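Nothing here was measured: the structure is a model prediction, and the numbers come from that model.
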Amino acid sequence: MTRLLISIGYVEELSLVYRYRQYIDILDLKNVKSRESLGCPNYSLVKRALENKFTEISIPIGDLYSFSTNVITLAEILNDMKIDYIKVGICMRNIEEIMRLACSLRDVLTNSRLVIVGFGDYYKIGSIDPLELFNICRKFDIDVMMIDTKIKDGLSIIEKYSIDNIIKLKEECEKHDVLFAIAGGLKVRDVIKIIREVSPSIIGVRSALCTERSSKIVEDKLREIINIVKVSPFELPY
């Protein structure tokens, strides 16, 4: 069954998601007010989530346009905190820099799993096609390949990358024993389509839970997504 990743951006959301803890496989902490797709969360959110940990935790380091030793140091700190998943968004085009980053992260992450994130709207930001990115990074024994959207303009990953490309990337991940994760402006209808047609290892949701990215999670929307992902999307009347 597909694992459910719920992204939160506020300490106040912790009490809500805790009530549904048995359905949430991964809790993703991020800065939803930043202009980054993978904005690194503030420390207060990380601290509170770790104090009341009920499931695996994922933390994004940021949207990376170049290699930086600061990124490696931050990854090392999160690894020492035993964060389960550490995500890096690749906005680069330079293959040597991508390889250097993946290799350096692989060296320091001994407790945490490495998630490489490619963007379905890569052509708009001048970065690399997620399929090409995967073929580069799989050589460094990454744990998870994730696809997301960089530009938050109301269009979902399906609209930006196509269901055919998504399925192709998922199949490549399966061939190489890498978990495939997907997120990116997903609405309810997108979640249903992905669960039915793609069946990813992990599906990440934020947009479908809120009225807008920076607003807080609505409980009824959270319950709806849980029902779709964790019950049976084939029985839903959509």
Side-chain angles (χ1 to χ4, degrees), residues 3-21 23-65 68-91 101 105 108-119 142-152 157 179 181-186 202-219 221-222 225:
R3 306 182 73 204
L4 178 60
L5 177 152
I6 297 295
S7 292
I8 67 169
Y10 304 96
V11 169
E12 307 91 271
E13 292 177 329
L14 281 168
S15 59
L16 172 58
V17 295
Y18 185 79
R19 293 203 294 272
Y20 297 90
R21 59 192 179 279
Y23 303 108
I24 298 172
D25 301 295
I26 303 170
L27 187 65
D28 184 53
L29 313 178
K30 63 170 54 176
N31 185 337
V32 295
K33 289 186 176 180
S34 73
R35 294 185 178 181
E36 293 183 278
S37 175
L38 300 174
C40 190
N42 60 51
Y43 179 67
S44 61
L45 178 58
V46 176
K47 183 173 182 291
R48 288 288 296 277
L50 287 175
E51 288 172 348
N52 301 280
K53 187 177 181 183
F54 61 86
T55 191
E56 292 187 312
I57 289 179
S58 164
I59 291 183
I61 290 180
D63 301 345
L64 307 182
Y65 291 87
S68 169
T69 54
N70 293 340
V71 168
I72 307 305
T73 300
L74 177 55
E76 205 167 1
I77 292 169
L78 295 174
N79 177 76
D80 287 346
M81 295 169 69
K82 294 183 170 55
I83 300 302
D84 299 284
Y85 299 90
I86 294 177
K87 302 192 300 182
V88 289
I90 306 300
C91 301
L101 175 69
L105 288 170
V108 300
L109 297 185
T110 55
N111 299 314
S112 306
R113 280 165 277 189
L114 174 58
V115 183
I116 293 292
V117 183
F119 294 109
I142 64 172
D143 300 290
V144 185
M145 177 69 195
M146 187 172 201
I147 188 170
D148 202 341
T149 54
K150 169 66 175 132
I151 303 169
K152 304 304 180 182
I157 189 66
L179 297 178
I182 184 168
L186 300 178
I202 301 165
I203 188 165
V205 183
R206 173 81 193 177
S207 298
L209 306 178
C210 310
T211 52
E212 58 184 55
R213 179 177 170 83
S214 61
S215 64
K216 293 183 175 64
I217 294 173
V218 177
E219 185 169 5
K221 292 177 180 289
L222 176 60
I225 290 298

Take I83 and N111 through the side chain to side chain contact (heavy atoms under 4.5 Å, CB included) test and state the conclusion after the steps. CA-CA 7 Å; I83 300 302; N111 299 314; over 6 Å; no
Closer than 3.5 angstrom, by distance alone: can the side chain of T149 be matched with the main-chain N or O of I157 as a donor-acceptor pair? no
Would you check if the side chain of T55 reaches a backbone N or O of I24 as a donor-acceptor pair within less than 3.5 Å? yes
Non-neighbouring partners of [X] that pass side-chain hydrogen bond (donor to acceptor under 3.5 Å, both in side chains), sequence neighbours left out:
X: T110; value: N79
X: S44; value: N42
X: Y23; value: none
X: D63; value: K150

Sequence neighbours left out, what passes salt bridge (charged side-chain N to carboxylate O under 4.0 Å, His left out) with [X]? Give chain and number order.
X: E12; answer: K216
X: D28; answer: K30, K87
X: K221; answer: none

side-chain contact (heavy atoms from CB on, under 4.5 Å) involving [X] - partner list, sequence neighbours excluded:
X: S68; result: N70, V71
X: Y18; result: R21, F54
X: L74; result: C40, I61, L78

Where at least one partner belongs to residues 68-85, residue pairs that pass salt bridge (Lys or Arg N to Asp or Glu O under 4.0 Å), sequence neighbours excluded: K53-D84
Salt bridge (Lys or Arg N to Asp or Glu O under 4.0 Å) contacts in which one or both residues fall within residues 38-50, not counting sequence neighbours: K47-E51
Would you mind reporting whether [Y] and [X] have side-chain heavy atoms less than 4.5 Å apart?
X: F119; Y: I151; answer: no
X: L101; Y: I72; answer: yes
X: I182; Y: I202; answer: no

By the definition side chain to side chain contact (heavy atoms under 4.5 Å, CB included), identify the one residue from L14, I59, N31 that meets it with L45. L14
Considering all heavy atoms, the nearest A181-V144 contact: CB-CG1, 3.9 Å
Between V205 and L4, which heavy-atom pair has the shortest distance, and what is it? CG2-CD1, 4.3 Å
